[in-house]
Amino acid sequence: FQAEDGIRDVERSRGLGDVYKRQLASEGYSRMLFGLSRPMQVLVDPTLGLLLAFFLSKNLLELTIMWISVELVVFFLILFERRGEAWGSALRYIALCVTTGDISLFTWIALASLRLGLEKALLSDFSTLAAAGIHAGPVATALLVIGFVTKMALVPLHFWLPDAYAVAAPPVAALMSGVVEKMGLYGLLRVWGTVSLSTSVFIGMLAVLGFLTAVYASLMVAAQTDMRRLLAYSTIMHCGIMALLVALLPCSQAVWWLLALYVLFHGVSKAQLFINTGSVYLLANTTDIHRLGYLARTNPDLYQATVLGASSLMGLPPTLGFAAKALMIYVMFEVLGRGGVYAALYIAAVAVTSVFSIVYSMKYLGVYVGALRGGERPTARLPREQLWAEKALGWLSVALVPMAIAVPVVPAFSLALAAIYVVSLALLLYTFRSGVPRVVPIDEVWLGGVSP
């Protein structure tokens with residue numbers, strides 16, 4: 001196989017081997033798929049640096065420059081693997097996200113300039129902007145929000161995301177779902193903290209769009225048969241929940257804790273599973289769920305790592321998703337008497353997404369333990385560094401749970417959550433130690449006898 005030849009090339013070349021081991025999933029994916037080293041890291045590394053600079057921006061000028069820079073680099077990342085097929089998806093991404101993002105950013109700059117002047121508006125830190133008394137009417141509030149909700153792929157401005165994630169290389173999709181999507185959420189929180197918005201418009205838009213997005217994406221995710229598109233609609237679904245949480249921020253301090261925990265849980269789980277789609281493609285040359293179902297027996301180590309990510313999305317203990325779901329239930333009671341109709345939308349959305357999270361997670365695991373369609377196929381050998389990357393992200397979702405339980409939000413339930421965590425972790429370790437049975441080769445019968 002070309003993939004096997006690529007691994008041998010890496011092992012024979014000390015210099016490329018060092019690069020390969022250092023870059024884990026992205027470089028290993030390129031080497032196995034194409035049989036040669038492709039410069040994905042030339043774009044991935046600057047994107048990570050730009051994202052870090054964006055989240056650490058101290059003023060509007062830095063935030064705007066980093067936002068536009070990330071968008072441009074991600075455009076080329078989407079094109080990296082399938083340049084011909086990906087042009088339409090990449091153009092929709094750049095046209096929709098950059099256009100609406102510029103509307104929000106430049107509306108923000110304009111409102112701040114009217115109050116402080118252009119130079120101070122661009123160079124003053126966010127605490128200065130918050131104290132400047134910048135006001136936004138209903139129309140200006142809608143313009144401030146539109147770019148950030150597009151980045152979060154809220155309905156009806158979501159249609160760029162499934163295609164972009166489906167054609168992007170899996171390490172790129174992992175980066176986009178795990179980190180890039182959170183730029184929109186960060187922008188909303190920054191606007192909320194620095195501008196006196198029309199509260200009814202801001203909260204109403206996020207609550208309604210978040211609810212519609214969560215329900216719509218839940219229905220769509222259950223109908224997907226491709227692993228990448230399934231995870232793409234799952235990302236849209238979780239972005240709807242995050243938008244609802246932003247709308248409920250005035251209701252309870254616990255919502256802030258939940259939002260931070262939710263971002264962490266979603267980022268870790270989705271990064272792992274999108275990388276996993278790349279591993280499945282390398283092993284089986286397909287991501288069609290109906291053509292798979294045997295990988296747990298051919299690749300039990302990969303299956304165990306995938307179980308951790310899928311369990312986190314389902315909210316099963318002892319994963320980080322379980323801590324997030326427990327805090328979501330607590331927040332339900334906190335906002336029930338304060339949030340009015342928006343609290344009702346949140347409760348309904350959580351109920352719907354919780355059910356469909358189990359549905360699509362089990363569907364995803366069907367790639368490993370589902371019914372066989374035509375029997376096992378020969379698979380390539382994954383580089384151990386890529387498997388390490390998936391295992392590290394999977395166990396990260398488990399290792400972070402004690403920290404999440406320690407959050408002093410629900411002290412009355414901390415002991416119970418800790419007990420559940422310890423028992424479930426012990427059961428998980430025991431199950432993994434038992435292992436998954438490997439495939440036992442079966443001779444294929446031909447008319448002339450048994451095939452060699």
Side-chain donor-acceptor pair under 3.5 Å between [X] and [Y], yes or no?
{"X": "T235", "Y": "Y165", "result": "no"}
{"X": "Y364", "Y": "N276", "result": "yes"}
{"X": "S127", "Y": "D125", "result": "yes"}

Under 3.5 Å: donor-acceptor pair, side chain of [X], backbone of [Y]:
{"X": "S312", "Y": "G309", "value": "no"}
{"X": "S269", "Y": "F265", "value": "yes"}
{"X": "N59", "Y": "E62", "value": "yes"}
{"X": "T107", "Y": "I103", "value": "yes"}
{"X": "S104", "Y": "L143", "value": "yes"}
{"X": "S57", "Y": "A53", "value": "yes"}
{"X": "T319", "Y": "G315", "value": "no"}

Check: [Y] and [X] side chains under 4.5 Å, non-hydrogen atoms:
{"X": "V221", "Y": "V359", "result": "no"}
{"X": "I203", "Y": "L249", "result": "no"}
{"X": "L261", "Y": "W257", "result": "no"}
{"X": "V98", "Y": "I68", "result": "no"}
{"X": "M314", "Y": "S354", "result": "no"}
{"X": "D102", "Y": "T64", "result": "no"}

Please output the side-chain donor-acceptor pairs of residues 153-160 that fall under 3.5 Å, not counting sequence neighbours, one pair per line with the distance.
unit_1	atom_1	unit_2	atom_2	d
H158	NE2	Y216	OH	3.4
W160	NE1	T150	O	3.1
W160	NE1	L157	O	3.3

Give the minimum heavy-atom separation between [X] and [Y], together with the two atoms involved.
{"X": "I78", "Y": "V172", "result": "N-CG1, 4.5 Å"}
{"X": "I109", "Y": "A121", "result": "O-CB, 4.2 Å"}
{"X": "A271", "Y": "A174", "result": "O-CB, 3.5 Å"}
{"X": "A232", "Y": "F274", "result": "N-CZ, 3.9 Å"}
{"X": "L206", "Y": "A243", "result": "CB-O, 3.7 Å"}
{"X": "R115", "Y": "A132", "result": "NE-O, 2.7 Å"}

Task: E71/K151 ion pair, N-O < 4.0 Å - done: yes
Compute the ring centroids of [X] and [Y], then answer whether they are less than 6.0 Å apart.
{"X": "Y346", "Y": "F211", "value": "no"}
{"X": "Y93", "Y": "F75", "value": "no"}
{"X": "F148", "Y": "Y186", "value": "no"}

Open item on the list: Counting only heavy atoms from other residues, nucleotides and ligands, does the tally under 6.0 Å from CZ of F55 exceed 12?
Closed with: yes
Task: Verdict with supporting geometry, H266 and K182, side chain to side chain donor-acceptor pair (under 3.5 Å) - done: CA-CA 10 Å; H266 180 260; K182 309 307 185 291; 3.0 Å; yes
Open item on the list: Listing request: all salt bridge (charged side-chain N to carboxylate O under 4.0 Å, His left out) pairs with a residue in residues 91-101, at least two apart in sequence or in separate chains.
Closed with: R92-D163
Task: The single option from L77, T47, I94 passing side-chain contact (heavy atoms from CB on, under 4.5 Å) against L72 - done: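 Going through L77, T47, I94 one by one, the side-chain contact (heavy atoms from CB on, under 4.5 Å) with L72 is satisfied by I94 alone.
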Task: Gap separating the CG atom of L258 from the CD atom of E334, nearest 0.5 angstrom - done: 11.0 Å
Open item on the list: Can you confirm if the NZ or CZ of R228 lies within 45° of the ring axis of Y281 and under 6.0 Å from the centre of its six-membered ring?
Closed with: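 R228 over Y281 ring: yes.
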